[in-house]
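Below: one structure, written as structure tokens.
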Amino acid sequence: TQKLATIQDGATKITLRPTQEQLVLPRIGVAASSGVETLSQKQIDLLKELQLHHYRIDVVPSAEDWVSKFSRQYSDSFSIGVPLAVTLRLSANYIEEAEAFVQLCYQNKVRLYKVLVLPISDPVTTDEMIAHIHSLKSVLLGVLVGAGTDLSYKDINRNRFDKHGFDFVSYPVHPQEHLTDNTTIFDNLESQSDGISSAVEMYMIPVHLSPVTLGKRSETDPRLHTAFGAAWTMGSILEFGVGKAEAGTYHEAAGTKGI
């Protein structure tokens with residue numbers, strides 16, 4: 001087989017070879033930066049070149065500054081030219097908070113791709129919120145509305161919820177839950193497609209992965225900005241295709257955790 005490329009990153013050598021297999025790749029997006037408040041024009045121009053599908057932001061209506069933060073991040077997504085993928089984090093006042101979010105979107109004619117509804121204090125979307133999501137879908141016409149978790153695959157497996165009325169189920173992915181060496185991280189790539197296939201079987205609706213990060217979200221892994229990080233990201237996207245994921249949101253837009 002003809003060699004496509006070889007990536008040498010320290011002691012790790014990764015060889016890419018073409019195959020005859022054809023895959024439908026997921027819609028690829030990026031998350032807003034947790035360390036950069038506003039993107040620079042150079043960062044925006046670079047992100048445009050990637051031809052991304054969406055821009056993830058986290059919206060917490062119970063926070064005092066949520067409207068100003070939302071406005072800044074929507075401005076960045078508008079500049080990049082992609083719609084928002086909103087993770088809407090709701091408290092016990094979820095009805096009022098969801099209504100405030102919808103009103104803000106309508107007032108500003110926000111371009112939305114999807115809304116993932118998550119509770120602030122529970123591992124997965126709760127039954128109470130699920131009952132209200134039908135009304136949320138009735139006003140967000142053309143916008144995908146989903147449920148799931150921002151913790152791990154095991155949480156949607158252990159805490160199963162009613163899928164009816166949702167457009168997708170979502171959970172995050174990272175390869176460093178136990179071991180962090182290069183070889184193990186690459187060896188575990190295939191488990192990503194296995195997890196997606198299992199989630200599809202459990203919920204029988206499209207699977208979205210968000211966020212997808214090289215390291216734990218609370219940590220910064222310098223390998224992200226090396227050939228190793230690029231090769232792992234490529235391998236992950238391919239595994240999402242194998243598992244038939246509908247969408248994946250990778251890394252952050254800028255900063256130490258950014259692309």
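Numbering starts at 1 and runs along the sequence shown. Note: hydrogens, waters and symmetry copies are ignored here, and every other heavy atom, side chains too, is used. Note that the structure is predicted; figures quoted are calculated from it, not measured.
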Indicate the atoms forming the closest heavy-atom contact of [X] with [Y], along with that distance.
X: Leu52; Y: Val82; answer: O-CG1, 3.1 Å
X: Ala254; Y: Leu39; answer: CB-CD2, 3.8 Å
X: Leu136; Y: Ala98; answer: CD1-CB, 4.4 Å
X: Pro61; Y: Glu97; answer: CB-CB, 3.7 Å
X: Tyr74; Y: Lys109; answer: OH-O, 3.6 Å
X: Tyr153; Y: Ser198; answer: OH-CB, 3.2 Å

Please list, chain by chain and in numerical order, all residues satisfying side-chain contact (heavy atoms from CB on, under 4.5 Å) with Val143, sequence neighbours excluded. Leu112, Val115, Leu140
All side-chain contact (heavy atoms from CB on, under 4.5 Å) counterparts of Ser34, not counting sequence neighbours: Glu252, Lys257
N/O donor-acceptor pair under 3.5 Å between [X] side chain and [Y] backbone:
X: Ser71; Y: Val67; answer: yes
X: Thr226; Y: Arg223; answer: yes
X: His225; Y: Gly258; answer: yes
X: Glu99; Y: Glu96; answer: no
X: Asp155; Y: Leu151; answer: no
X: Thr149; Y: Ile156; answer: no
X: Ser40; Y: Gln43; answer: yes
X: Ser197; Y: Ser193; answer: yes

Counting neighbours of [atom1] on [X] that are heavy atoms of other residues, nucleotides or ligands and sit closer than 6.0 Å, is the number greater than 12?
X: Glu201; atom1: CD; answer: no
X: Lys69; atom1: NZ; answer: no
X: Lys244; atom1: NZ; answer: no
X: Glu190; atom1: CD; answer: no
X: Phe161; atom1: CZ; answer: yes

Please tell me whether [X] and [Y] are part of a single hydrophobic cluster in this structure, the criterion being side-chain heavy atoms less than 4.5 Å apart.
X: Leu214; Y: Leu238; answer: yes
X: Val60; Y: Val117; answer: no
X: Val145; Y: Val139; answer: yes
X: Ile28; Y: Leu25; answer: yes
X: Ile80; Y: Leu50; answer: yes

Determine, stepwise, if the pair Phe70 / Cys105 fulfils side-chain contact (heavy atoms from CB on, under 4.5 Å). CA-CA 10 Å; Phe70 178 89; Cys105 289; 4.1 Å; yes
Point-to-point distance, once rounded to the nearest 0.5 Å, from [atom1] of [X] to [atom2] of [Y]:
X: His174; Y: Lys216; atom1: NE2; atom2: NZ; value: 6.0 Å
X: Glu128; Y: Tyr94; atom1: CD; atom2: OH; value: 5.5 Å
X: Ser33; Y: Ile259; atom1: OG; atom2: CD1; value: 11.0 Å
X: Ile185; Y: Leu179; atom1: CD1; atom2: CG; value: 9.0 Å
X: Gln73; Y: Arg56; atom1: CD; atom2: CZ; value: 10.5 Å
X: Leu47; Y: Ser77; atom1: CG; atom2: OG; value: 11.5 Å

Is the shortest distance from a Lys or Arg side-chain nitrogen in Lys114 or Asp167 to a carboxylate oxygen in the other one below 4.0 Å? no
Pair [X]-[Y], side-chain donor/acceptor within less than 3.5 Å:
X: Ser68; Y: Asp65; result: no
X: Tyr171; Y: Ser210; result: no
X: Gln176; Y: Asp221; result: yes
X: Ser191; Y: Asp194; result: no

Intermediate values then yes/no, side-chain contact (heavy atoms from CB on, under 4.5 Å), Asp162 and Asp127: CA-CA 8 Å; Asp162 185 359; Asp127 291 338; 5.5 Å; no
Decide yes or no for [X] and [Y]: does some side-chain heavy atom of the first lie under 4.5 Å from some side-chain heavy atom of the second?
X: Leu104; Y: Val110; answer: no
X: Leu84; Y: His54; answer: no
X: Leu90; Y: Met129; answer: yes
X: Arg217; Y: Pro211; answer: yes
X: Tyr55; Y: Pro83; answer: no
X: Asn157; Y: Arg160; answer: yes
X: Val86; Y: Phe101; answer: yes
X: His251; Y: Thr233; answer: yes

Running the 4.5 Å side-chain criterion over Ile, Leu, Val, Met, Phe, Trp and Tyr, what cluster does Leu118 land in, apart from itself? Tyr113, Leu116, Leu144, Phe168
Given side-chain contact (heavy atoms from CB on, under 4.5 Å), test Val59 with Ile57 step by step and report yes or no. CA-CA 6 Å; Val59 176; Ile57 67 171; 3.8 Å; yes
How about Phe240 and Tyr250: are their ring centroids closer than 6.0 Å? yes
Qualifying residue for side-chain contact (heavy atoms from CB on, under 4.5 Å) with Ile196, from Val173, Val242, Leu209: Leu209
Assess the residue pair Asp181 and Thr184 against the criterion (side-chain hydrogen bond (donor to acceptor under 3.5 Å, both in side chains)); give the C-alpha distance rounded to whole Å, side-chain angles, the decisive distance to 0.1 Å, and a yes or no. CA-CA 6 Å; Asp181 62 283; Thr184 301; 2.7 Å; yes
Thr249 and Val212: side-chain contact (heavy atoms from CB on, under 4.5 Å), yes or no, with the steps? CA-CA 6 Å; Thr249 305; Val212 185; 5.7 Å; no
